[in-house]
Amino acid sequence: MLTKKETPLLSFDNKQILDTPPLKIEKNGGKKAYLFRNTDGAEPVIARHYDHQFRPDAAYKASLPDMTETVDSVEGANVAIQQVGISGFRLPLKFATPAGEALTLEARVTGTVSLQANLKGINMSRIIRTFYAHKDEVFSLDTLAQVVHDYRRDLESMSARVKVAFNYPLLVSALRSGLEGYQYYSGSYEAVLEENGTLRRFVELDFVYSSACPCSAELAEHARDVRGVYAIPHSQRSKARIKVEVAPDTSLHLEDLIHHARAALKTETQVMVKREDEQAFAELNGAYVKFVEDAARLLYEQLIADRRIHDFQVACSHLESLHSHDAVSVIAKGVPGGFRADFNDFSTLLC
């Protein structure tokens with residue numbers, strides 16, 4: 001016989017409850033409770049149960065309702081939707097390096113297709129299944145081009161786009177000490193398949209650098225020269241977002257944009273530093289002072305010379321240490337019908 005301390009647990013819908021004396025609750029006047037027992041002691045109207053043993057066969061799966069096969073079910077205006085799909089889907093992908101190696105990174109996928117009028121919606125799971133069909137391949141812009149073709153075909157859509165975002169690591173040497181550390185670059189590859197069958201490919205990079213103000217440097221030197229006053233010019237961590245459209249029949253890697261940004265701006269933020277590296281970085285900033293306007297033009301100069309780049313847009317933000325606001329600039333190549341200097345989401349450029 002069980003003692004009082006050995007009171008068993010009672011189970012109801014997989015919930016464990018102690019066998020304690022019932023609470024004194026007022027009657028509810030016969031009102032229904034749909035999911036739980038009510039205070040009159042009546043069982044719930046809906047029995048909740050999950051059958052762990054059930055396995056659907058082909059006939060059962062064929063009988064399941066499909067919202068994409070419904071008619072007269074569109075809510076709101078019965079018009080086409082230019083893009084609908086998923087964002088934030090994550091999976092590990094192998095990315096090709098310029099040396100031909102495979103680098104496994106966490107990827108964040110955005111995939112969308114167009115939806116015609118009269119259709120209720122798309123089969124969202126097909127987007128993920130299409131991507132998983134390529135998950136073991138070594139990823140590049142060419143792989144993404146194949147994915148977006150499969151994607152549009154599988155969803156029977158007119159247009160489609162797929163964007164894969166990732167953080168790309170590169171081992172970077174310190175300026176003078178010889179130390180090394182990994183710098184991570186936020187980047188993405190994107191493929192767009194338009195209704196007429198035109199394929200467009202894009203590469204995007206966020207590049208973080210230091211910007212020392214030329215005006216502040218001049219004024220600090222004036223204070224030292226004229227009045228013998230020691231002054232420190234202001235500088236700040238800054239970010240450039242570079243988005244390029246890759247020319248047809250050419251190949252471009254994220255590392256190519258990284259090299260362009262380094263060559264243009266010179267003052268990339270450092271990973272590992274000793275005192276000699278910190279001194280070198282101060283000298284580097286002194287040698288390459290720059291306004292936000294200078295940063296945009298320096299990047300333009302690099303990108304315009306690369307024939308693999310059909311079009312580009314550059315947005316720069318200097319997170320001012322002098323002001324309570326940021327200094328920003330935007331520049332585009334100026335291709336007819338291409339990128340425009342209409343970037344305005346500068347809050348995403350916070351470092």
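Pairing each heavy atom of Ser251 with each of Arg308, the nearest pair is O-CD, 3.3 Å. Contact detail for Pro169 and Leu105: the closest heavy-atom pair is CD-CD2, 3.7 Å. Pairing each heavy atom of Pro233 with each of Ala231, the nearest pair is CD-O, 3.8 Å. Heavy atoms only, all atoms of each residue included: His253 and Thr97 are closest at NE2-CA, 3.7 Å. When all heavy atoms are compared, the tightest approach of Cys316 to Ala240 is SG-CB, 4.0 Å. Closest non-hydrogen pair, Ser238 versus Ser211, comes out as OG-OG, 2.7 Å.
Hydrophobic clustering keeps Val192 apart from Met158 (ILVMFWY residues linked when any side-chain heavy atoms are closer than 4.5 Å, directly or through intermediates). Follow the hydrophobic side-chain contacts under 4.5 Å out from Ile86 and you reach Ile81 in the same cluster. Leu299 and Leu284 sit in two unconnected hydrophobic clusters of ILVMFWY residues. Membership requires side-chain heavy atoms under 4.5 Å apart, directly or through other members. With hydrophobic clusters built from ILVMFWY side chains whose heavy atoms lie under 4.5 angstrom apart, Phe207 does not share a cluster with Tyr184. The same ILVMFWY cluster, assembled from side-chain heavy atoms under 4.5 Å apart, contains both Leu93 and Leu103.
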Taking only distance into account, with no hydrogens and no angle test, what donor-acceptor pairs under 3.5 Å do side-chain atoms of residues 257-274 form with protein atoms, sequence neighbours excluded?
unit_1 : atom_1 : unit_2 : atom_2 : d
His260 : ND1    : Gln302 : OE1    : 3.4
His260 : NE2    : Asp306 : OD2    : 2.8
Arg262 : NE     : Glu268 : OE1    : 3.0
Arg262 : NH2    : Tyr185 : OH     : 2.8
Lys266 : NZ     : Ala263 : O      : 3.1
Thr267 : OG1    : Ser210 : O      : 2.6
Thr267 : OG1    : Leu265 : O      : 3.3
Thr267 : OG1    : Lys290 : NZ     : 2.9
Glu268 : OE2    : Gln183 : NE2    : 3.3
Glu268 : OE2    : Tyr185 : OH     : 2.5
Gln270 : NE2    : Glu268 : O      : 2.8

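Donor-acceptor pairing under 3.5 Å is recorded for the side chains of Ser177 and Asp277.
Atom CG in Leu252 sits 11.5 Å away from atom CD in Glu245 (nearest 0.5 Å). To the nearest 0.5 Å, atoms CG (Leu303) and CD1 (Ile309) are separated by 4.5 Å. For the atom pair Phe89 CZ and Thr110 OG1, the distance stands at 11.0 Å (nearest 0.5 Å). Put simply, CG on Leu322 and OG on Ser324 are 9.0 Å apart, with the number rounded to the nearest 0.5 Å. To the nearest 0.5 angstrom, Arg241 atom CZ is 5.0 Å from Phe343 atom CZ. One finds the CD atom of Glu195 at 8.5 Å from the CZ atom of Arg152 (value rounded to the nearest 0.5 Å).
Within the 4.5 Å cutoff, the side chain of Thr143 has no heavy atoms near those of the Gln146 side chain. Using a 4.5 Å cut-off on side-chain heavy atoms (C-beta onward), Val162 and Val109 make contact. In this structure, the side chains of Phe36 and Arg48 come closer than 4.5 Å at one or more pairs of heavy atoms. Counting heavy atoms from C-beta on, the side chains of Ser157 and Tyr151 never come closer than 4.5 Å. Considering only heavy atoms from C-beta on, Phe339 comes within 4.5 Å of Phe202 through its side chain. The shortest side-chain heavy-atom distance between Arg176 and Gln279 falls under the 4.5 Å cut-off. Under the 4.5 Å side-chain criterion, counting only non-hydrogen atoms from C-beta, Leu319 is not in contact with Arg237. Side-chain contact between Glu190 and Glu204 is absent, with no heavy-atom pair separated by less than 4.5 Å.
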- Query: Going through the checks in order, is the side chain to side chain contact (heavy atoms under 4.5 Å, CB included) test met by Tyr182 and Leu170?
  - Reply: CA-CA 5 Å; Tyr182 278 100; Leu170 279 180; 5.9 Å; no
- Please step through side chain to side chain contact (heavy atoms under 4.5 Å, CB included) for the pair Leu193 and Leu199, ending with a clear verdict. CA-CA 5 Å; Leu193 192 57; Leu199 175 69; 4.2 Å; yes
- Go through the steps for Asp142 and Ser140 under the test side-chain hydrogen bond (donor to acceptor under 3.5 Å, both in side chains), then give the verdict. CA-CA 5 Å; Asp142 293 333; Ser140 67; 4.5 Å; no
- Item | Chi angles and distances behind the side chain to side chain contact (heavy atoms under 4.5 Å, CB included) call for His234, Gln236 | CA-CA 7 Å; His234 77 83; Gln236 50 273 320; 3.1 Å; yes
- Message: Before you tell me yes or no, could you show the steps for Glu180 and Ser173 under side chain to side chain contact (heavy atoms under 4.5 Å, CB included), namely the whole-Å CA-CA distance, both residues' side-chain angles and the distance that decides it to 0.1 Å?
- Response: CA-CA 4 Å; Glu180 291 184 322; Ser173 296; 3.6 Å; yes
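For Tyr168 and Phe95, the gap between ring centers reaches or exceeds 6.0 Å. Aromatic pair Tyr300/Phe312: ring centres closer than 6.0 Å. Taking the ring centroids of Tyr209 and Tyr288, they lie at or beyond the 6.0 Å cut-off.
The ring pair (Phe, Tyr, Trp, His ring centres under 6.0 Å) test applied to Phe281 returns no partner, not counting sequence neighbours. For Ala327, the side-chain contact (heavy atoms from CB on, under 4.5 Å) partners at least two apart in sequence or on another chain are Val292, His318, Glu320. In this view, Glu221 and Arg224 satisfy the salt bridge (Lys or Arg N to Asp or Glu O under 4.0 Å) rule, not counting sequence neighbours. By the salt bridge (Lys or Arg N to Asp or Glu O under 4.0 Å) test, Arg108 is found to be paired with no residue, residues two or more places apart in sequence or in another chain being considered.
Lys135 places no side-chain N or O within 3.5 Å of a backbone atom of Pro92 that could act as its donor or acceptor partner. Of the possible donor and acceptor atoms, none in the side chain of Arg201 sits under 3.5 Å from a partner among the backbone N and O of Leu144. Of the possible donor and acceptor atoms, none in the side chain of Ser216 sits under 3.5 Å from a partner among the backbone N and O of Cys213.
Using cut-offs of 30° and 60° for the angle between ring planes, the His325 and His323 rings count as parallel.
The 12-atom threshold is not exceeded at CG of Asp249, counting heavy atoms of other residues, nucleotides or ligands nearer than 6.0 Å. Applying the 6.0 Å contact sphere to CD of Glu194 captures more than 12 heavy atoms from other residues, nucleotides or ligands.
For the pair Arg55 and Tyr60, the cation-pi test (distance below 6.0 Å, angle within 45°) is failed.
Among pairs with a residue in residues 326-344, none fulfils side-chain hydrogen bond (donor to acceptor under 3.5 Å, both in side chains), at least two apart in sequence or across chains.
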